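Before any comments, here is the structure.
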Amino acid sequence: MTLRIGNFSGFYGDRFDAPREMLTGGEVDVLTGDYLAELTMLILARDRLKDPSAGYARTFLRQLEETLGLAHEQGVRIVTNAGGLHPAGLADAVRALAGRLGIPVRVAHVEGDDLTARYPGALAAHAYLGGAGIAECLRAGADVVVTGRVTDAALVTGPAAAHFGWTATDHDRLAGAVVAGHVLECGTQATGGNYAFFRDSGGLRRPGFPLAELHADGSCVITKHPGTGGRVDVGTVTAQLLYETGGARYAGPDVTARLDTVRLSQDGPDRVRVEGVRGEAPPPTLKVGLNRLGGFRNEVVFVLTGLDIEAKADLVKEQMGEALAKSPPAGVRWELARTDRPDAGTEETASALLRLVVRDPSQEAVGRVLSGAAIELALASYPGFHVLAPPGKGSPYGVFEDVYVPQGDVDHVAVLHDGRRVTVDAPHDTAVLDDVPPPALPEPLPPGPARRAPLGLVAGARSGDKGGNANVGVWVRSDEAWRWLAHALTVERFRELIPEARELPVTRHVLPRLRALNFLVEGILGEGVAAQARFDPQAKALGEWLRSRHLDIPEALL
C-alpha cells in the first residue's frame, strides 16, 4: 500500500501554478504546501498589526480557487501551513471559497501553536507542532487541512500516520516520514533547484515539484511527475537532507529521526529510494519561535571607482564618523566589497561597494541623521562620489530567537470539519537529546600528488539559516572522495576557508552513510534573517562560497 504525497510550495511566493501542475501531471493522493519560514512569520505578524483578520498566506486562496474543483474530482487531499498566524481565519475563507464555487469540501484546521500572549513584547510567538493534529483531521474525513506553525515535516507525518494507522510510538516509521517530509518541504530543491552540480541537473529551467511514494514501513521513493524538468538523484536528495539540519539526531515533536541511519540508492531514472531510517522518542520540549521588532535600520552604499579604493573608503568612513558622532546610532557597520577589477573594461567592473548599515531603537536616529550626513558629502568627499540610492527614513527590522517549552504546556487542538474540537495529547514517551558519539572515519587516501583547486570540483554543499546560526552541509559522490573529505575538511580548515567563522563556535557532524559533513556555525547571522546582519542574511550562498575556496586536493580526485 503506497501513499503518494506531493509538494506544491516551498515558501510564501513559490511558483503559483504548482498546485495545478501537481494535479494534472500524474497520480497523487495528498498535496502539501509549505508557506512558513522565520521571516514569513514576522511578515504575517506585521500584516496582522494592520488588519486583525489577516495573518495567513492569501496566495493559497488564489491558488485554491483555480484548483479546488480539480482536487475534489480526483479525491486529492490538501494539507498546508498557509494558516500562518490565523489558521481558523484561513479555514473559514476556504469554506467561503468552496461555497462560492459550489464544491462540497470538508475543511478542518489545527491550532494551539500561538503562544504570543505568554511573551510580552513579541509580535509573534509560535510553537512548532507535530503532525498528530493533522492526522486527527484527516481521520475524521477532512479534504483540506489548514495549520499554523507546525514543523515542515509534519505536513507529511500527519497524512502518513492517518493513512497507515501509525501510533505515537511507531518511531522508525514516523522517522521515515520525517525524512520524506524534510526532502519535500523546500519544493524544487529536491529536484535540482539550488543544486551545487546544477550543470548536471538537466532541464533545470523549470524543475518539477517533488513527491514521495511512502510505504507502511516508513520507507519511501522520492520522485517527480514524468516529463517535468530537473532531476531526482542521490545527490539532489542528499543536498536537501543536509539543508538546515545539524547532527545525527534530527529532533521534532513527533519523533527524533536519526539522519546517520538514512540509506539512499538510485531506484531508476528520477527515483531515489530512502530506507533504513531509525527513529527515537521525541524530546520532551517544543521549540517556540519568537519574533519581535528590534528597532530601525537604514543603509547607504557608496560606489568607489578606479584607483585608491582603500583610501577612498577610509576617507568617507572618517567623514561619516564625524557626522554620525553628533547623534550616534546604537549600531554602525561598514562592509567593503571589492567588486572592482584592475584596468576594467566597464565603469561598473572598475567599482567597489562600501556599505554602511546603521541600527537604533529610534527611527529618527537612522533616518534623517544618516541621509543628511551622506548626502551632504556629495561635493566634499572622494573623487567620483555617488551612492547606489539615497538612504530613506529607516525601516523596522525584526529579531528572531527560539525558546523551548514542555510539550504538555501547549494546547494542541484539531478542529474538525464538523466543528468538534479534539485535544491532541503530548507524547508520553520522550527522550532528552544527547549528542551521538562521533562515528569512525574512513581510512585516509594514500599519499599522492595534489593540486591547489576549488573544493567545489570535488564536493557539493548546501547551506541555510536557523535563527542566528547557519549550517553548511558538504558531501561528495564517491567513496574515494569521502576518504579524503572526512580527514581534510576539519573545523580548523573550515575556519581558514570561511574567515567570518574564525571567532565563532563551529561544530562538525559526520554522516558517513551520506558521505557528508555538516557544519553548524553559531552566531554568524546575528539576530536572524530579519535583522539582515550580513550580506547574505539567510546564508543561502555560504556553501557556494566554501566550494569556491582553494585547498590541496589529490589529483586522483580531479
Side-chain angles (χ1 to χ4, degrees), residues 195-197 234-235 238-250 258-262 264 433-526 534 536 539-558:
Y195 184 49
F197 303 108
V234 169
T238 298
Q240 180 55 27
L241 273 177
L242 295 172
Y243 182 63
E244 295 181 345
T245 60
R249 286 191 165 102
Y250 184 57
R258 290 289 297 265
L259 299 183
D260 56 345
T261 64
V262 178
L264 304 178
L433 286 177
D434 291 316
D435 290 333
V436 174
L441 297 181
E443 286 293 319
L445 287 178
R451 176 156 50 96
R452 198 79 175 169
L455 173 63
L457 296 184
V458 175
R462 179 162 287 167
S463 54
D465 65 312
K466 283 295 182 185
N469 304 331
N471 91 290
V472 185
V474 184
W475 81 96
V476 290
R477 298 185 286 185
S478 70
D479 290 338
E480 291 76 16
W482 173 237
R483 291 173 62 187
W484 170 76
L485 182 74
H487 295 276
L489 195 55
T490 61
V491 168
E492 291 72 22
R493 180 61 57 81
F494 181 92
R495 286 196 173 109
E496 291 174 9
L497 298 175
I498 304 295
E500 287 184 57
R502 285 178 181 169
E503 305 301 324
L504 299 174
V506 178
T507 305
R508 184 179 97 149
H509 301 283
V510 181
L511 300 168
R513 289 192 175 184
L514 299 177
R515 300 193 196 101
L517 304 172
N518 207 358
F519 293 89
L520 179 67
V521 187
E522 297 180 40
I524 193 170
L525 303 179
R534 67 188 296 271
D536 175 18
K540 295 293 187 182
L542 186 58
E544 286 301 292
W545 178 24
L546 177 66
R547 293 182 69 236
S548 74
R549 300 307 308 271
H550 289 221
L551 68 169
D552 294 328
I553 300 175
E555 289 189 354
L557 301 179
L558 296 171

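None of these values were measured; they are calculated from a predicted model.
A salt bridge is defined here as a Lys NZ or Arg NE, NH1 or NH2 lying under 4.0 Å from an Asp or Glu carboxylate O, and Arg547 with Glu544 meets this definition. Looking at Glu492 and Arg495, no side-chain N of the basic residue comes within less than 4.0 Å of a carboxylate O on the acidic one, giving no salt bridge.
With hydrogens and angles ignored, the 3.5 Å screen pairs a side-chain donor or acceptor of Arg534 with a backbone N or O of Asp536. Side-chain N or O atoms of Asp465 include none that pairs as donor or acceptor with a backbone N or O of Leu525 at under 3.5 Å. Not one N or O on the side chain of Thr238 forms a donor-acceptor pair closer than 3.5 Å with the backbone of Leu514. Side-chain N or O atoms of Asn471 include one that pairs as donor or acceptor with a backbone N or O of Glu244 at under 3.5 Å. Listed for the Arg483 side chain is a donor-acceptor partner under 3.5 Å among the backbone atoms of Pro444. No side-chain donor-acceptor contact under 3.5 Å links Arg462 to the backbone of Gly543.
Residue Asn469 holds its CG atom at 9.5 Å from CD1 of Ile524, rounded to the nearest 0.5 Å. A distance of 12.0 Å separates CG of Leu557 from CZ of Arg477, quoted to the nearest 0.5 Å.
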Practice task
Take Leu511 and Leu242 through the test side-chain contact (heavy atoms from CB on, under 4.5 Å) and record every step on the way to the result.
Solution key: CA-CA 10 Å; Leu511 300 168; Leu242 295 172; 3.8 Å; yes
Exercise for the section: Apply side-chain contact (heavy atoms from CB on, under 4.5 Å) to Arg508 and Val506, showing your working. Expected result: CA-CA 7 Å; Arg508 184 179 97 149; Val506 178; 6.0 Å; no
Exercise for the section: Run the numbers on Leu489 and Phe519 for side-chain contact (heavy atoms from CB on, under 4.5 Å), then give the verdict. Expected result: CA-CA 10 Å; Leu489 195 55; Phe519 293 89; 3.7 Å; yes
Problem - Working for side-chain contact (heavy atoms from CB on, under 4.5 Å), residues Leu485 and Trp475 - result: CA-CA 8 Å; Leu485 182 74; Trp475 81 96; 6.0 Å; no
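Closest of all the heavy-atom pairs between Ala196 and Ala461 is CB-N, 3.8 Å. Residues Arg513 and Thr261 share a closest heavy-atom pair of NH1-O, 3.0 Å. In terms of heavy atoms, Leu504 sits closest to Gly523 at CD1-C, 4.2 Å.
In the displayed structure, Asp435 atom CG is contacted under 6.0 Å by at most 12 heavy atoms of other residues, nucleotides or ligands.
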